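Keep in mind that what you see is a predicted model, and the values were worked out from it rather than measured. Chain letters run A, B, ... following the sequence lines, proteins first and then strands; every chain starts at 1.
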Amino acid sequence: MRLPSLFFVFACAVALPFGASAADRFDLPKGPGRDLVYGYCQTCHDLQSVEDSAGIPHGAWNAVLDNMKGFGLRVSDEQRAKILDYLGTWLGPNPPAPESADATVASANADGAAVFENTCIACHQEGGKGKPGEFPPLAGNHDLFLSADFPAYVVLNGIEGKLQVNGEAFDNAMPPFDFLSDEEIAAVIAYVRSSWGNAANRPDGMKDIGASDVHDLRAKTMESAEVLALRQSLLP
Amino acid sequence: MTKPWIAPQLSRRDFGKLVGAAGLAFGVSPAALRAAFAADAVDSAQIISGKASGMLIHNAKLAVMETPLKMLREHDHTPKEILFNRFHYPHEGDAAWYATTSAPPEDIVKNWTIRFDGLVQRPRTLTIADLQARPQEKRVSVLQCAGNGRSYYAAKQKVAGGQWQNGGLGNVEWEGVPLRPLLDDLKMEPSPEAHWLTAEGWDQPATPEGSDFAKSYHLADPALDNAILALKMNGEPIPAQNGGPVRLIIPGYYGNMNVKLLTTLLFAAAESPSAFQSVGYRMPLVPVEPGQFEANDYTVYNSVPTYGHKIKSVIFSPLPDDGAKAGDAEITGVAFNDGEAAITMVEVSADGGKTWQEAEIKPAESPWAWYHWSAKAKLASGSNVLMCRATDALGRTQPMDGLTRWNPRGYEWNGVDRVEITV
């Protein structure tokens with residue numbers, strides 16, 4: 001087991017304030033597409049920027065998204081359209097009443113594939129193939145089976161720092177996706193573990209965790225650098 | 001994080017480590033920070049080590065914050081502890097770039113280089129030591145975010161972005177190497193085609209698809225006559241959060257034009273295609289209406305960069321929660337412009353603009369520094385709307401209705417300041 005250097009830990013600790021889970025402090029109105037905003041927009045800034053802009057018209061949100069492209073935002077046209085629909089509607093000049101919101105995909109029967117499509121695909125790409133040098137692949141990623149609950153720690157808390165996946169080095173930061181429901185997290189992990197040939201890597205007897213396990217893990221809040229340390233400790 | 005598209009001068013991670021370590025040296029315990037950030041509200045002192053408590057936060061993750069006027073008015077030179085902050089790019093993993101008011105660490109300063117290049121016969125590279133060896137000059141100047149006052153545009157149509165009030169400004173003493181003599185001495189022999197100077201900083205967008213931050217100035221711009229490559233702010237090395245170890249300072253120009261973490265100066269035939277020069281931080285050349293001109297409709301033909309400060313005045317006291325009493329009162333504040341002409345008049349009203357009187361103006365420390373002014377007034381019981389308006393020797397003055405300058409990016413607010421106080 002190799003622990004990250006002290007310097008690294010310190011630098012991250014000082015930096016962590018900026019990585020603090022914004023979902024705790026910013027609660028955007030429920031509506032279709034909200035998860036995409038949570039998933040994409042917190043990579044660079046917290047959601048105060050979104051909340052403080054609430055009330056601007058659709059056209060202005062459209063321009064904001066173009067503007068964010070200049071800052072490095074990458075989304076597919078389809079995802080961009082969904083994000084714009086959400087912002088222009090729920091954070092536009094005349095948002096619908098909250099109770100009429102057709103809630104998000106959260107349900108007892110969360111669809112792991114849908115969660116992946118809406119949230120994870122932005123970085124981990126179609127087929128979980130990742131993006132070289134930036135976002136690790138999920139296809140063939142042995143981290144999925146480091147322990148029964150390791151992937152849930154990553155989803156809940158994010159992970160940050162240098163790591164290698166299938167011999168390729170990455171040094172990036174994944175934000176927490178703790179705004180996903182317990183059911184969604186359990187479902188998406190099960191989905192990823194059973195997709196793209198990953199099932200073959202599953203150690204004998206390792207079961208998927210359920211929503212109630214995710215619920216329990218939520219209580220053990222970790223910093224994203226600590227998740228990296230946990231990963232190191234689990235590596236064979 | 002390692003970004004292959006970043007010139008390998010210093011990895012941002014390395015810098016973060018060093019500055020982070022410096023932050024620790026100043027007694028910030030990571031555990032304390034962690035605890036603090038688990039809380040709902042985020043305080044400026046916890047976002048940036050050494051920063052004062054109680055700044056107005058616009059984005060905690062990017063450490064964007066402004067100075068409440070109650071704090072701003074306490075100092076003639078705005079200390080780094082309370083000066084506003086605005087960074088453009090995320091620094092996940094090495095947010096310590098702006099996480100401390102301490103000076104950049106020695107290693108960083110020692111290895112820092114500034115490349116002078118572009119349409120020149122002889123490109124040059126200088127170090128901080130090279131700059132330190134040259135004669136240094138001081139420039140006291142207001143530093144103001146182009147978005148300062150953006151929130152006031154909402155009275156017409158809210159504009160996206162941080163809802164800045166009036167505290168995105170400070171009066172700062174810079175010190176460094178005058179730009180033009182330096183460029184001359186370097187004998188780079190620019191091409192006759194070079195009409196622009198483009199400055200770039202070390203910070204980079206989150207992904208290669210993003211646009212690098214760059215600013216361009218016409219080489220004939222007289223404002224460059226006063227520009228310096230600043231190494232000090234208020235007598236100390238410039239913290240990275242404010243652009244250290246070296247920042248291009250063009251006195252009287254809006255904050256974004258003063259490129260932080262300066263690494264590159266390019267002689268160029270045209271202004272930079274960077275989105276931050278060609279689309280962002282610009283003002284339309286003619287009045288525009290909400291819905292008819294959007295934030296990305298700017299071109300180099302229909303707009304102009306946010307160069308010099310538009311003349312502006314701000315009421316410092318009394319503020320609404322100062323507990324002012326009815327009767328005799330003194331209204332005070334500051335005024336400033338781009339430094340091209342002296343501020344010659346500040347008019348003050350204590351009755352919502354029905355009657356006006358001239359304030360007494362104290363001489364400013366430099367053409368670009370703020371002027372203090374004060375006026376005596378009588379406050380009536382109940383509501384009093386205080387207003388102020390500055391005019392300079394060129395006759396330039398503030399619009400009574402700042403909304404006439406509404407623009408979709410919400411820059412350059414300089415409408416007559418209005419403060420309603422109830423006594």
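The backbone N or O of B:Ile57 lies less than 3.5 Å from a partner atom in the side chain of A:Gln48, making a donor-acceptor pair. Formation of a donor-acceptor pair under 3.5 Å by the B:Gln277 side chain with backbone atoms of B:Ser272 is not found in this model.
Annotation for A:Lys69: atom NZ does not count as buried by contact number, only 12 or fewer foreign heavy atoms lying within 6.0 Å.
There is no contact between B:Val279 and chain A, counting heavy-atom distances below 4.5 Å.
Between A:Phe71 and B:Phe276, the distance separating the two ring centers is shorter than 6.0 angstrom.
When each of B:Ala275, B:Ala160, B:Pro408 is checked for heavy-atom pairs under 4.5 Å with chain A, B:Ala160 comes out on top. Between chain B and the residues A:Asn67, A:Asn62, A:Asp66, A:Val64, the most heavy-atom pairs under 4.5 angstrom are made by A:Asn67.
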